[in-house]
Protein chains: 2
Amino acid sequence: MQRRQFIKGASLMLAAGVIAPRTQAKSTTDSSPFQAGKYRILALVFDDYETLDLHGPVEMLGHMPNAEIKLVAAKEIVKSYQGPRVVADCLTADTYECDLLLIPGGLGTRTLVSDTALRQWLIKQVARSQNVFTVCTGTALLAMTSVLNGRKATTNKMAFEWVTSLNDNPQWQPKARWVYDGKFLTSSGVSAGTDAALFWVKHLHGEQEARRIETLTEYSWNQDASNDPYAVVHK
Amino acid sequence: MQRRQFIKGASLMLAAGVIAPRTQAKSTTDSSPFQAGKYRILALVFDDYETLDLHGPVEMLGHMPNAEIKLVAAKEIVKSYQGPRVVADCLTADTYECDLLLIPGGLGTRTLVSDTALRQWLIKQVARSQNVFTVCTGTALLAMTSVLNGRKATTNKMAFEWVTSLNDNPQWQPKARWVYDGKFLTSSGVSAGTDAALFWVKHLHGEQEARRIETLTEYSWNQDASNDPYAVVHK
């Protein structure tokens with residue numbers, strides 16, 4: 001059998017549930033996907049997540065000293081809205097101790113806000129996460145729960161009406177590139193997540209480290225959380 | 001057995017998976033990963049590719065009307081420098097007709113420039129690509145071949161000395177956010193690829209469409225190819 005055929009066969013068996021991804025064994029006991037001593041970043045992925053909501057922060061946070069990034073999903077392979085697929089490192093059958101839970105947004109959140117199993121997982125996972133960072137309509141997934149209640153929070157300004165309609169109790173901020181309150185960092189749409197990620201680097205390691213990563217990635221960081229040009233555009 | 005009968009029999013066995021097609025045969029017959037009528041974007045991935053080099057352009061190009069993005073790699077699962085893994089849609093055992101070949105950079109290119117099989121694949125794949133778009137040290141992979149010879153091209157300014165040392169024949173541009181010459185679009189480091197991708201949207205669909213995607217993604221587009229702030233920083 002040629003390698004390509006084998007790969008195709010293995011993928012089909014995986015899809016059909018004939019062979020189980022190793023991660024399924026983790027559903028009862030917590031076998032952390034992280035190495036000891038790392039800054040543990042767990043990113044939730046789901047079909048039709050928005051590419052840059054995830055990968056902008058992954059780029060910036062991934063250059064922090066000692067950072068380790070793992071993807072968690074309800075299934076092993078997940079497709080972005082733009083097409084390319086990613087592989088989950090662990091499954092939402094379990095929850096995991098982590099330092100930062102990253103939740104991207106995207107079209108997929110429109111149906112996921114009705115997903116009871118995800119809602120239950122989020123409540124447990126947020127409790128096991130030192131901090132939680134949502135990008136764009138990723139905030140909608142937290143708004144399904146009560147964890148943001150009483151907190152200042154924001155989201156994509158194009159989806160602001162929808163997200164805020166899900167839960168009246170957070171102190172929704174209509175003009176903010178990102179907001180950090182309690183253990184929650186919430187950001188405006190797509191690229192705002194990349195800016196908020198650099199804020200997070202600064203928060204943890206100081207401005208010099210954030211500038212080092214900005215330079216390394218040839219990025220132009222909007223470092224002012226109150227500078228939210230798209231709040232004006234989308235309103 | 002007559003030749004015609006043999007061919008028919010072989011075809012049936014091939015269809016039934018009884019005999020495996022030779023790899024050589026695959027490189028001449030095109031098993032396209034793309035749907036008909038799409039703007040076909042093929043992105044090369046490899047271990048230790050830089051996350052945003054790939055996913056910044058994927059975000060912007062993926063919002064173009066009719067775009068379809070597929071990943072190609074030497075193996076089915078590839079790990080980015082930042083950790084998360086992606087799934088290849090097709091393998092470099094074959095080449096594919098496409099409209100845009102996207103080549104990200106990253107630490108992985110440092111060893112890949114010595115990969116003879118990849119070099120041979122690139123020569124064939126570039127010939128089957130209407131346009132080629134490199135980000136950051138992705139340009140180094142093209143510099144292994146002669147396809148950029150005589151063309152204006154650029155790359156990450158932090159890696160400029162290394163990339164340009166690979167091949168004297170392109171007209172290397174030490175100060176450019178991106179360069180478009182012949183069928184080649186080459187860009188500076190990491191985030192420059194996102195700016196160049198929006199240039200590509202403008203090139204294909206006009207400025208209004210590029211602005212629509214910039215707004216949708218709440219991005220701040222550096223739309224001036226001659227504005228290369230990091231050429232100054234890194235020099």
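Below, chains carry the letters A, B, ... as their sequence lines are ordered, and counting in each starts from 1.
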Non-hydrogen atoms of B/Y230 and A/Y219 that approach each other most closely: OH-O, 2.6 Å

statement: Assert top hit (heavy-atom pairs under 4.5 Å, partner chain A, pool B/L71, B/I69, B/T217) equals B/T217

- line: From the list B/G83, B/G189, B/A67, B/G62, the residue making the most non-hydrogen contacts under 4.5 Å with chain A is B/G189

task: Would you indicate whether the side-chain heavy atoms of A/V86 and B/P84 approach each other to under 4.5 Å?
output: no

query: What do you reckon, is OH of A/Y39 surrounded by more than 12 foreign heavy atoms closer than 6.0 Å?
result: yes

- request: Using a cut-off of under 4.5 Å on heavy-atom pairs, state which of B/A88, B/A192, B/S188, B/G56 scores highest against chain A.
  value: B/S188

message: Heavy-atom pairs under 4.5 Å with chain B: which of A/M60, A/E59, A/K79 has the most?
response: A/E59

field: Residue part contacting chain B, namely of A/E68, when any heavy atom lies under 4.5 Å
entry: neither

field: Heavy-atom neighbours of A/K152 NZ exceed 12 at 6.0 Å
entry: no

Residue among A/V87, A/V78, A/D195 with most heavy-atom pairs under 4.5 Å to chain B: A/V87

- prompt: Are A/E218 and B/K157 within salt-bridge range, i.e. N to O under 4.0 Å?
  reply: no

query: Could you walk me through whether B/T215 and A/M158 pass the side-chain contact (heavy atoms from CB on, under 4.5 Å) check?
result: CA-CA 10 Å; B/T215 301; A/M158 282 178 77; 5.6 Å; no

message: Would you say that B/L52 contacts A/L52 through its side chain, given a criterion of any heavy-atom pair below 4.5 Å between the two side chains?
response: yes

- request: For A/H63 and B/Q82, run side chain to side chain donor-acceptor pair (under 3.5 Å): C-alpha distance rounded to whole Å, both residues' side-chain angles, the deciding distance at 0.1 Å, then the answer.
  value: CA-CA 7 Å; A/H63 279 293; B/Q82 281 72 22; 3.1 Å; yes

- prompt: What are the two closest heavy atoms between B/T51 and A/H55, and how far apart are they?
  reply: CG2-O, 3.5 Å

